[in-house]
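In what follows, a single structure is set out as structure tokens and then discussed.
None of the values given here were measured: they were computed from a predicted structure.
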Amino acid sequence: MRKWFARLAALGVALLIAGQGTTALAQDPAAGKKVLRVGATQAMDSMNPFLAVRLVSTSIHRMMYGFLTVPDSKTLQPSPDLAESWTTSEDGLTWTFKIRQAKWSDGQPVTAEDAAWTFNKIMTDEAAKTANGPAVENFESVTANGQELTIKLKAPQASMLENPIPIMPKHAWESVTDIANYDAEKYPTPSSGPFIAIEHKKDQYVKLQANPNYWRGKPKLDELQVIFYANPQAAIAGLKTGEIDLIGRLNPPEYEAILNDPNITAWNTQGRRSVYLQINHGATTSDDKPVGDGHPALKDVKVRQALHYAIDKQKLVDDVQNGLARPADGSIVPPMYKDFFWEATGDTKVGYDPAKANQILDDAGYKKGPDGIRTMPDGDRKLEFRFSIHTDTPIEDKLAEYLTGFFKEIGITLTTKKLDSSKFTEETGVSGLFDIAISGWSVNPDPEEVLATHLCSRRPSPTGEGGGTESFFCDETFEELYQEQLKELDRPKRADIIKQMQERLYTQAPVIAIYYTKDLEAYRKDRLVSITPIPETDGILYGGSGYWPWFTADVKPTGTAAGAASAEGGSNTGLIAGVVGAVVVVGAGAFFLTRRRKSTADERE
């Protein structure tokens, strides 16, 4: 019955969307315009870049604002953006950036004052630290003189050229006195990137217009629309009916649903996301006080290692990801980043070996009882763990089924605990009310950010304020390696240190990487003329590390046969109202009431 309702709901969305498309076009015809419509299953959390942390938000802000540097479209190495050149002192403590002669979209000049104001705002305003606070923790001072920006550091920092902070226009933002409550909903937004935000309807869409003042030149598109759907099924229906032109970050079932559609090109390349299990190995706050209710057995590294040996990662790839992933024989940095990717070999490598897992637990004193379930060495408590996942995520449900079976083979009971997104984030990142949880991260070309989520300082404060931890890990060896890589300016030497950090995570197992997902996307071949991924060879379209795909994208103008068929009006108000209506009315059985925030990894990069 549930499958029947699901098919009916999907059909209802498709039919309703198809009916809404021509209405939207009739309401606001845009004949001759080049409009690309991108579907997203996650909505903006804020148009304010100081506050926005979701992946969709940072992706859209990359389209709007310039940075000091951006990843090169071919190599992903840092390349000039608003900073056209830079120098550093011999001791690595002073960086001088020359800001290029460019204009904001409102005609005002871009100067070093804009960059200095942005960084100083984050350094001095607690609310402004929300999105990218750690990126300025090592800054001693930031000053500007004309087009020259000077940043003095407390200690050398190898990742200086990969700073994730968008440069904001001082003239438009310096009058904002309350960053924490500023929604930045003023349009058009002064921008220095390839696009200008001209409209945002919460949970429905964002419209962006080509920036004629962009320093690289005006994009080929006239308009870029990012349309928010409540779930992948509705987005796929929209792609099939031509209401959107491209959709990224698909799960295997949605991806496979479009493989045989003659109007759609399926995109399957290496991804930048690692998926792992977060283990509560004894969560503590930043002052080393215990927090939460994690099972005491998980404090024992031998138990965590036994869990690792019990997992058949190839089986998970084959059956949970339908073969569209790579088993993780490494840690949290995916193989896409060859310089920093580490993979275990020899005696260090943990393969699927339930017999070895059982032997480890036997030797450590975790004996099986008459019911086959192990107990603590003192016999006081059974090894019964909770597995925290998100509500309404079929892939996580399936993963839970397989892990339950794997762990049963070694005498451990696993019970699934489903949580909504906000509760999940709180329990696994602040209050420590979990045993094992699903997690993951969309890793940037420089992995410093994801590595930093396992530092002592990222644990929550004594008052319960989240520090952004992914594991509650606090390990002296890991901390020393982090500081060492931070100061190492020789890239190969630094990469070696980062690999040692990953090995430490692998052997101590506060997280257990299970697989690296593929980048699964799809677009309409009758609409999209061209688009360049990042990196340009086997790269990513939506959700990549930069704006390159959108700057290079070209589509057929409105008014062509394909454009008319897909009803690409300048306004999507009718369209989105139709989508939301379909979600609420047709999916009354909660099939389509899927929350948009899938995990902490989806929220941030």
Side-chain angles (χ1 to χ4, degrees), residues 67-72 75-99 112 115-124 129 131-145 148-167 331-333 337-342 443-458 467-468 473-505 545 605:
F67 295 69
L68 291 181
T69 66
V70 292
D72 180 82
T75 66
L76 298 183
Q77 298 294 313
S79 67
D81 192 23
L82 289 185
E84 62 182 4
S85 63
W86 48 84
T87 58
T88 183
S89 60
E90 287 188 13
D91 61 7
L93 294 177
T94 302
W95 288 75
T96 304
F97 295 87
K98 182 181 179 182
I99 303 300
W117 181 87
T118 301
F119 293 133
N120 279 304
K121 186 65 175 176
I122 298 174
M123 292 165 66
T124 59
K129 298 180 192 293
N132 290 299
V136 298
E137 284 180 354
N138 191 39
F139 287 13
E140 184 69 43
S141 66
V142 184
T143 56
N145 182 14
E148 187 174 279
L149 177 76
T150 302
I151 301 177
K152 292 185 180 296
L153 304 177
K154 300 172 185 176
Q157 183 172 330
S159 60
M160 267 298 293
L161 294 179
E162 316 221 26
N163 190 284
I165 297 174
I167 305 303
S331 185
I332 56 177
V333 178
Y337 304 123
K338 296 184 177 68
D339 288 353
F340 298 113
F341 176 61
W342 173 83
V443 181
N444 283 328
D446 188 295
E448 181 184 308
E449 182 186 15
V450 68
L451 293 170
T453 65
H454 302 282
L455 294 174
C456 299
S457 61
R458 299 302 286 270
F473 198 44
C474 185
D475 177 76
E476 184 177 350
T477 300
F478 189 85
E479 298 281 323
E480 291 174 354
L481 289 170
Y482 180 84
Q483 293 301 323
E484 189 178 342
Q485 66 81 28
L486 199 63
K487 300 173 184 178
E488 181 54 71
L489 302 181
D490 182 279
R491 186 177 177 87
K493 291 181 180 178
R494 178 170 177 253
D496 183 63
I497 299 169
I498 286 175
K499 290 175 183 178
Q500 293 177 54
M501 295 176 70
Q502 293 177 77
E503 182 174 2
R504 185 67 177 171
L505 289 175
S545 301
E605 294 183 291

Sequence-distant partners of [X], side chain to side chain contact (heavy atoms under 4.5 Å, CB included), two or more places apart:
X	answer
Thr75	Asp72, Gln77
Asp496	Gln500
Glu480	Glu476
Lys121	Phe50, Trp117, Asp125, Ala128, Ile179

Is [X] reaching over with its side chain to a backbone N or O of [Y], donor-acceptor style, under 3.5 angstrom?
X	Y	result
Ser79	Val70	yes
Glu449	Pro134	no
Lys129	Met123	yes
Arg494	Gln485	yes
Ser89	Thr94	yes
Gln157	Asn138	no
Asn444	Ser545	no
Asn132	Ala135	no

Supply the atom-to-atom distance [X] [atom1] to [Y] [atom2], rounded to the nearest 0.5 angstrom.
X	Y	atom1	atom2	result
Ile167	Phe67	CD1	CZ	8.0 Å
Lys499	Phe341	NZ	CZ	9.5 Å
Asp475	Arg504	CG	CZ	4.0 Å
Ser141	Ile151	OG	CD1	9.0 Å
Asp81	Leu161	CG	CG	12.5 Å

Between [Y] and [X], is there a side-chain heavy-atom distance shorter than 4.5 Å?
X	Y	value
Leu68	Ile99	yes
Leu153	Phe139	yes
Asp446	Tyr337	no
Leu93	Pro156	yes
Phe340	Pro445	no

(request) Could you pull out all residues at least two apart from Glu84 that satisfy salt bridge (Lys or Arg N to Asp or Glu O under 4.0 Å)? (result)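 Scan of Glu84 (salt bridge (Lys or Arg N to Asp or Glu O under 4.0 Å), adjacent residues dropped) gives Lys98, Arg100.
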(request) Go through the structure and list residues passing salt bridge (Lys or Arg N to Asp or Glu O under 4.0 Å) with Glu488, not counting sequence neighbours. (result)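 Scan of Glu488 (salt bridge (Lys or Arg N to Asp or Glu O under 4.0 Å), adjacent residues dropped) gives none.
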If you compare all heavy atoms of [X] against all heavy atoms of [Y], which two are closest, and at what distance to 0.1 Å?
X	Y	result
Ala452	Tyr482	CB-OH, 3.8 Å
Thr453	Val450	OG1-O, 2.6 Å
Leu505	Ile332	CD1-CD1, 3.6 Å
Ile122	Gly133	CG2-CA, 4.1 Å
Ala495	Asp339	CB-O, 3.4 Å

(request) Would you please classify the geometry between the Phe478 ring and the Phe473 ring as parallel, tilted or perpendicular, with 30° and 60° separating the classes? (result)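 Rings of Phe473 and Phe478: perpendicular, as their planes differ by over 60°.
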(request) Dump the intermediate steps for side chain to side chain contact (heavy atoms under 4.5 Å, CB included) on Leu455 and Glu479, then the final yes or no. (result) CA-CA 6 Å; Leu455 294 174; Glu479 298 281 323; 3.6 Å; yes
(request) Show your working on side chain to side chain contact (heavy atoms under 4.5 Å, CB included) between Met160 and Phe97 and close with a plain yes or no. (result) CA-CA 11 Å; Met160 267 298 293; Phe97 295 87; 4.0 Å; yes
(request) Tell me, with the steps shown, if Gln502 and Ser331 meet side chain to side chain donor-acceptor pair (under 3.5 Å). (result) CA-CA 6 Å; Gln502 293 177 77; Ser331 185; 4.8 Å; no
(request) Start with the C-alpha gap between Leu149 and Phe119, add the side-chain angles, then the distance that decides, and say whether side chain to side chain contact (heavy atoms under 4.5 Å, CB included) holds. (result) CA-CA 11 Å; Leu149 177 76; Phe119 293 133; 4.1 Å; yes
(message) With a sphere of 6.0 Å drawn around NZ of Lys487, does it hold more than 12 non-hydrogen atoms of other residues, nucleotides or ligands?
(response)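 No, because the 6.0 Å sphere around NZ of Lys487 holds 12 heavy atoms or fewer from other groups.
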